[in-house]
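To start, the structure under review is shown below, and the notes come after it.
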Amino acid sequence: MQYPEYRPRRLRRNETLRRMVRETKLSVDDLVYPLFAVAGKGLRKEVPSMPGVFQMSVDHLVKEAREVRKLGIPAVLLFGIPAKKDPLGKDAYSDKGIVQTAVRAIKDAEPDLMVVTDVCFCEYTDHGHCGILRKDGDVDNDATLAILAKSAVSHARAGADIVAPSDMMDGRVGAIRKALDRDGFTGVPIMSYAAKYAGGFYGPFRDAAESTPSFGDRRSYQMDPGNAREALREVALDVREGADIVMVKPALAYLDIICRVRQTFELPVAAYNVSGEYSMVKAGASLGWIDGDRVQMEILAAIKRAGADLVITYAAKDAAMALGG
Ligand code: PBG
């Protein structure tokens with residue numbers, strides 16, 4: 001029998017060897033943990049479709065921030081669920097808004113924890129769409145830009161370290177950059193949800209953020225799942241408008257997009273391992289069909305292997321613990 005020159009199994013013989021030649025290693029530094037802020041006090045309510053994920057009032061968020069920091073996770077991504085929603089989503093740009101209040105409290109308690117704020121209107125509007133509506137029910141792109149910029153500036157004023165627009169309006173990165181610079185926040189980076197796809201993976205998040213649209217869907221502003229080249233055009237636009245970090249979302253079903261964005265652009269790339277991806281693993285594990293912890297770590301490693309520098313994930317705390325945090 002002719003033996004092959006190269007026998008790959010030689011380097012798989014034990015864990016020490018495997019560790020030595022492992023190409024991709026997830027690090028706690030790669031993780032960003034999403035948090036949901038609600039009005040009130042003493043509230044910590046688990047999201048039914050997302051086991052282990054809670055809506056929290058500011059007092060609990062501060063405790064959570066301490067725990068996150070202790071685990072070595074560098075950043076949180078903050079979402080707000082206001083006490084009152086209205087057609088314009090006014091709470092999103094109020095200095096007394098839920099996110100602004102939460103940012104101040106978290107930064108006060110944990111100044112070294114990076115707080116990234118999601119900039120969007122779907123959690124704040126009573127119709128659940130990501131901006132101001134025109135009479136025909138479509139989102140008014142350019143009218144929304146002005147309030148997005150206002151919202152981002154109010155986040156920066158409250159102490160947000162990074163702002164992350166997730167609305168998918170055309171031109172919003174440029175509008176936000178201009179407004180931040182005008183108000184003296186030239187040092188606040190923008191992490192843009194650059195290639196964000198419309199699809200079914202955000203369902204559990206919309207339970208968590210109470211942001212399901214009351215009519216229609218988001219297909220007139222979020223991307224079509226069939227499109228890959230368009231993602232590169234979307235990212236190019238955001239880079240030109242001043243994005244500092246570009247995001248691909250969802251992550252697991254869009255690894256090819258992460259890979260192409262990584263190969264085409266030099267900026268840091270973030271990937272959002274979204275709610276539906278998290279919940280599927282939890283559901284499969286609760287049925288005993290898969291080993292949830294193992295599969296979740298494999299997914300995070302795959303997202304990193306595809307080219308993501310940062311992974312936003314609801315499993316960040318579990319991952320940090322598994323990584324020895
Ligand atoms: C806001 C926003 C959404 C998510 C992040 N920011 C929901 C949406 O677009 O409907 C989804 C995150 C997740 O599913 O985990 N626009």
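One-based numbering, in listed order, for ligands and for the atoms of each. The residues of the chain are indexed from 1 along the displayed sequence.
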Item checked: atom 5 (C) of ligand 1: nearest protein contact (heavy atom, Å) -> Lys249 NZ, 2.7 Å
Item checked: Proximal atoms of ligand 1 relative to Cys122 (non-hydrogen, under 4.0 Å) -> 1 (C), 16 (N)
Margin query: Strictly below 4.0 Å, N to O, side chains only: are Asp167 and Lys196 in salt-bridge contact?
Written below: no
Next item on the list: Return yes when Glu277 approaches ligand 1 closer than 4.0 angstrom through a heavy atom, no otherwise.
Entry: no
Check: Taking 4.0 angstrom as the limit, do Asp30 and Lys304 come out as a salt bridge?
Finding: yes
Check: Taking 4.0 angstrom as the limit, do Glu64 and Lys317 come out as a salt bridge?
Finding: yes
Notebook entry, point to check: Numbering the atoms of ligand 1 from 1, which are under 4.0 Å from a heavy atom of Tyr202?
Noted result: 8 (C), 9 (O), 10 (O), 11 (C), 14 (O)
Note to self: For atom 16 (N) of ligand 1, which of the options Glu123, Lys196, Arg218 provides the nearest non-hydrogen atom?
What the structure shows: Lys196
Checklist line | Contacting atoms of ligand 1, where contact means under 4.0 angstrom from a heavy atom of Tyr314 | finding: 12 (C), 13 (C), 15 (O)
Checklist line | Which residue and heavy atom of the protein sit nearest atom 14 (O) of ligand 1, plus the separation | finding: Ser275 OG, 2.7 Å
Notebook entry, point to check: Is a salt bridge present between Arg172 and Asp238, judged by a nitrogen-to-oxygen distance below 4.0 Å?
Noted result: yes
Check: When you check the gap from the basic side-chain N to the acidic O, do Arg260 and Asp256 get nearer than 4.0 Å?
Finding: no
Notebook entry, point to check: Going by heavy atoms, is Tyr278 under 4.0 Å from ligand 1?
Noted result: no
Next item on the list: Verify the neighbour count for atom NZ of Lys25: are there more than 12 heavy atoms of other residues, nucleotides or ligands below 6.0 Å?
Entry: yes
Next item on the list: Give me the one residue out of Val239, Asp244, Ile245, Val261 that meets side chain to side chain contact (heavy atoms under 4.5 Å, CB included) with Leu267.
Entry: Val239
Next item on the list: Just let me know how Ser166 lines up against ligand 1, side chain, backbone, both or neither, with a heavy-atom cut-off below 4.0 Å.
Entry: both
Notebook entry, point to check: Taking non-hydrogen atoms only, is Asp118 closer than 4.0 angstrom to ligand 1 via side chain, backbone, both or neither?
Noted result: side chain
Checklist line | Contacting atoms of ligand 1, where contact means under 4.0 angstrom from a heavy atom of Phe79 | finding: 5 (C), 6 (N)
Item checked: For atom 12 (C) of ligand 1, the protein heavy atom that lies nearest, with its residue and separation -> Phe205 CD1, 3.3 Å
Notebook entry, point to check: With a 4.0 Å cut-off, would you call Lys85 and Asp91 a salt bridge?
Noted result: no
Notebook entry, point to check: Numbering the atoms of ligand 1 from 1, which are under 4.0 Å from a heavy atom of Cys120?
Noted result: 1 (C), 16 (N)
Note to self: Under a 4.0 Å threshold between the charged nitrogen and the carboxylate oxygen, would Lys70 count as salt-bridged to Glu67?
What the structure shows: no
